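Here's the structure we're looking at; comments come further down.
Just so it is clear, the model here is predicted, and its values are computed rather than measured. Letters go in sequence order (proteins before strands), and every chain restarts at 1. Side chains included, hydrogens not; waters and symmetry mates left out as well; all remaining heavy atoms used.
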Amino acid sequence: MNYWLMKSEPDVYSIDDLARDGSTHWEGVRNYSARNNMRKMELGDLVLFYHSNAKPPGVAGIARVVKTAYPDPHQWDRNSKYHDPKSTKDDPRWSMVDVEFVEQFAELVPLDRIKATMGLENMVLVKRSRLSVQPVTPQEFAIVKRLGKG
DNA sequence: GCCAACGTTGGC
DNA sequence: GCCAACGTTGGC
């Protein structure tokens, strides 16, 4: 069992949207580090759902991986903003996973709280702030989850 | 809206 | 393979 953090802009897709939909395709990741992390995901892995570009930014809840990495079809859709003309069907460049809703935190865990919490100072979120799909240690996951209970 | 950080592209 | 130019992310 692995733990991850995935970022989404709530204006585009929020934890409320995931709660409503039940599950979603995580399409549109166009960064190699983030893609490689998605390819390491296993069924049942738990994901901290992070709201980026939000006021305030922070972890809003938990999701679970229900489908492991498979080619993101948007890479071949000429009308999609995720279209990648260099990606071929024989060698798909971009992957996505499916995740399902697990829980919404009673309280958002804001980024500034994460930065100020002992045990979370080495989170990738803090160290490499731009990576949109990143690993989280079991300890970090447990601390964030506890903070989310309010 | 600004801009620092940083990932990607492409000329050489 | 280097690195300057460029584009994007995301906190503020």
Side-chain angles (χ1 to χ4, degrees), chain A residues 2-21 24-41 45-65 68-99 101-137 139-150:
Chain A
N2 308 302
Y3 298 94
W4 309 94
L5 180 148
M6 298 175 93
K7 296 180 187 174
S8 183
E9 299 188 25
D11 289 348
V12 177
Y13 198 84
S14 72
I15 190 84
D16 300 291
D17 295 317
L18 184 60
R20 180 199 62 217
D21 295 344
T24 193
H25 311 302
W26 207 276
E27 78 274 8
V29 170
R30 293 294 179 270
N31 168 283
Y32 290 104
S33 300
R35 180 205 69 182
N36 292 343
N37 286 332
M38 281 201 298
R39 288 181 175 178
K40 292 177 196 156
M41 289 181 180
D45 282 1
L46 293 176
V47 177
L48 296 174
F49 192 109
Y50 181 85
H51 282 173
S52 63
N53 265 318
K55 285 176 252 175
V59 179
I62 296 174
R64 180 190 292 116
V65 176
T68 55
Y70 60 105
D72 179 346
H74 296 84
Q75 66 197 305
W76 299 304
D77 177 358
R78 302 172 66 84
N79 297 319
S80 171
K81 66 172 177 171
Y82 300 128
H83 180 237
D84 183 347
K86 292 183 180 169
S87 180
T88 65
K89 296 257 183 185
D90 291 340
D91 185 18
R93 179 176 290 192
W94 303 112
S95 300
M96 64 188 209
V97 297
D98 291 358
V99 302
F101 177 77
V102 175
E103 66 170 281
Q104 177 161 15
F105 286 161
E107 246 180 52
L108 181 98
V109 182
L111 178 62
D112 57 6
R113 182 121 191 252
I114 287 171
K115 287 178 173 171
T117 300
M118 239 198 324
L120 300 181
E121 59 278 324
N122 290 319
M123 279 189 78
V124 178
L125 184 68
V126 177
K127 297 280 174 183
R128 262 185 86 194
S129 58
R130 283 185 51 185
L131 188 58
S132 64
V133 179
Q134 50 182 262
V136 172
T137 69
Q139 295 82 0
E140 289 164 348
F141 186 90
I143 295 170
V144 173
K145 183 176 177 182
R146 181 158 40 77
L147 292 175
K149 294 197 184 302

When the nearest nucleotide of DNA chain B is assigned to A/K86 and to A/R128 on a heavy-atom basis, which residue is associated with the more 5' position?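 Final value for this comparison: A/R128.
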With nearest nucleotides of DNA chain B determined for A/K127 and A/R93 from heavy-atom distances, which residue corresponds to the more 5′ nucleotide?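 The 5'-side residue here is A/K127.
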Who are the side-chain contact (heavy atoms from CB on, under 4.5 Å) partners of A/R30, not counting sequence neighbours?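 By the side-chain contact (heavy atoms from CB on, under 4.5 Å) rule, A/R30 matches A/D72, A/H74, A/Q75, A/Y82, A/W94.
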Quick one: list whatever passes side-chain contact (heavy atoms from CB on, under 4.5 Å) with A/N36, sequence neighbours left out.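 Per chain and number, A/N36 pairs via side-chain contact (heavy atoms from CB on, under 4.5 Å) with no residue.
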Name the nucleic acid region contacted by A/N53, choosing base, sugar-phosphate or nothing; use a 4.0 angstrom heavy-atom cut-off, strictly under.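 Contact class for A/N53: base.
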Give one of base, sugar-phosphate or nothing for A/K115, where a contact means two heavy atoms less than 4.0 Å apart.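 Answer is sugar-phosphate: A/K115 comes under 4.0 Å of backbone atoms only.
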Salt bridge (charged side-chain N to carboxylate O under 4.0 Å, His left out) contacts touching residues 85-98 of chain A (sequence neighbours left out):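 Non-adjacent pairs meeting salt bridge (charged side-chain N to carboxylate O under 4.0 Å, His left out): A/D84-A/R93.
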Quick one: how far along DNA chain B does chain A reach, first to last nucleotide 5' to 3', anything under 4.0 Å to a heavy atom?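 With heavy atoms of chain A under 4.0 Å away, the range is B/dA5 to B/dG10.
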Taking only residues two or more places apart in sequence, or in another chain, which ones meet A/Y50 in a ring pair (Phe, Tyr, Trp, His ring centres under 6.0 Å)?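 Residues passing ring pair (Phe, Tyr, Trp, His ring centres under 6.0 Å) with A/Y50: none at all.
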Parallel under 30°, tilted from 30 to 60°, perpendicular over 60°: which one fits the rings of A/Y13 and A/F49?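 It falls in the tilted class, 30° to 60°.
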List the residues meeting salt bridge (charged side-chain N to carboxylate O under 4.0 Å, His left out) with A/R128, not counting sequence neighbours, and say none if there are none.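 A/R128 satisfies salt bridge (charged side-chain N to carboxylate O under 4.0 Å, His left out) with no residue once adjacent residues are dropped.
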